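Worksheet: one structure, shown below.
All figures in this text were calculated on a predicted structure; none of them were measured in a lab.
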Amino acid sequence: MLKNKIFSVINILGLALGISASMLILQYVSFELSYDQFHQHAADTYRVTLDVYKNGKRETQSVRVSPAIASSFQNEFPAIDTYTRLVILGPDGVLTYNDQYIGESGIFLADSAFFYVFSYKLLNGNPNTAFSEPFSIVITEKLNF
């Protein structure tokens with residue numbers, strides 16, 4: 001090492017860079033594989049996507065599919081236990097409560113089976129009955145009325 005200092009420094013820096021890159025890649029892959037694994041039914045949950053092909057090449061990929069796809073899949077594949085659908089309400093939604101109005105973005109409409117598929121914990125209320133009535137909502141902790 002002392003005889004060929006430049007060669008040794010290049011080798012040590014290359015080794016350090018290789019180990020660092022390997023650790024970053026390992027951390028990234030670990031995160032991607034653990035994403036949403038806290039849900040009780042994570043191993044049995046699948047997301048349907050839409051790929052649009054034109055002339056044999058994929059032109060667009062989207063998670064927006066027709067709402068009828070879910071019931072069609074359940075009819076075609078008896079192994080499907082349940083499904084849930086989410087629809088973005090739009091950029092500007094208005095919530096009302098006791099004559100108070102609040103504009104919100106990021107509002108999603110969900111099926112009653114949402115909390116069966118996804119295991120989010122609620123601070124108040126029962127997830128099994130959260131969407132059983134029309135016009136019922138679940139709000140995040142940051143939303144204050």
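- No more than 12 heavy atoms of other residues, nucleotides or ligands sit less than 6.0 Å from atom CD1 of Ile6.
- Once rounded to the nearest 0.5 Å, the distance linking CZ of Phe118 with CG of Asp36 reads 7.5 Å.
- Residue Val117 is grouped with residue Phe108 when hydrophobic side chains (ILVMFWY) are merged at heavy-atom distances under 4.5 angstrom, including chains of intermediate members.
- Between Arg64 and Ile88, the shortest heavy-atom contact is NH2-CD1, 3.9 Å.
- Ile12 meets the side chain to side chain contact (heavy atoms under 4.5 Å, CB included) test with Met1; sequence neighbours excluded.
- Residues meeting the side chain to side chain contact (heavy atoms under 4.5 Å, CB included) test with Tyr53, sequence neighbours left out: Asp51, Arg58.
- Distance OG/Ser30 to CD1/Ile25: 13.5 Å, rounded to 0.5 Å.
- In the hydrophobic cluster analysis, where Ile, Leu, Val, Met, Phe, Trp and Tyr join through side-chain heavy atoms closer than 4.5 angstrom, Val65 is grouped together with Ile80.
- Proximity of Tyr28 to Leu26: side-chain heavy atoms (C-beta onward) are nowhere separated by under 4.5 Å.
- If you take CG on Leu109 and CZ on Arg85, they are separated by 11.0 Å, rounding to the nearest 0.5 Å.
- For Ile19, the side chain to side chain contact (heavy atoms under 4.5 Å, CB included) partners two or more places apart in sequence, or in a different chain, are Leu15, Met23.
- With a 6.0 Å radius and a threshold of 12 heavy atoms from other residues, nucleotides or ligands, Gln27 has its CD atom at or below the threshold.
- For the ring pair (Phe, Tyr, Trp, His ring centres under 6.0 Å) test, residues two or more places apart in sequence or in another chain that qualify with Phe77 are Phe73.
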Could you give the side-chain donor-acceptor pairs of residues 40-48 under 3.5 Å, partners two or more places apart or in another chain?
| from | atom 1 | to | atom 2 | distance (Å) |
| --- | --- | --- | --- | --- |
| Thr45 | OG1 | His41 | O | 2.6 |

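- Between Tyr83 and Asp111, the closest side-chain pair of non-hydrogen atoms falls below 4.5 Å.
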Residues 120-138, side-chain donor-acceptor partners within the protein, below 3.5 Å, at least two apart:
| from | atom 1 | to | atom 2 | distance (Å) |
| --- | --- | --- | --- | --- |
| Asn126 | OD1 | Asn128 | N | 2.9 |
| Thr129 | OG1 | Asn126 | O | 3.4 |
| Ser132 | OG | Thr129 | O | 2.9 |
| Ser136 | OG | Ala130 | O | 3.0 |
| Ser136 | OG | Glu133 | O | 2.7 |

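- How far OG of Ser71 is from CD of Glu76: 10.5 Å, rounded to the nearest 0.5 Å.
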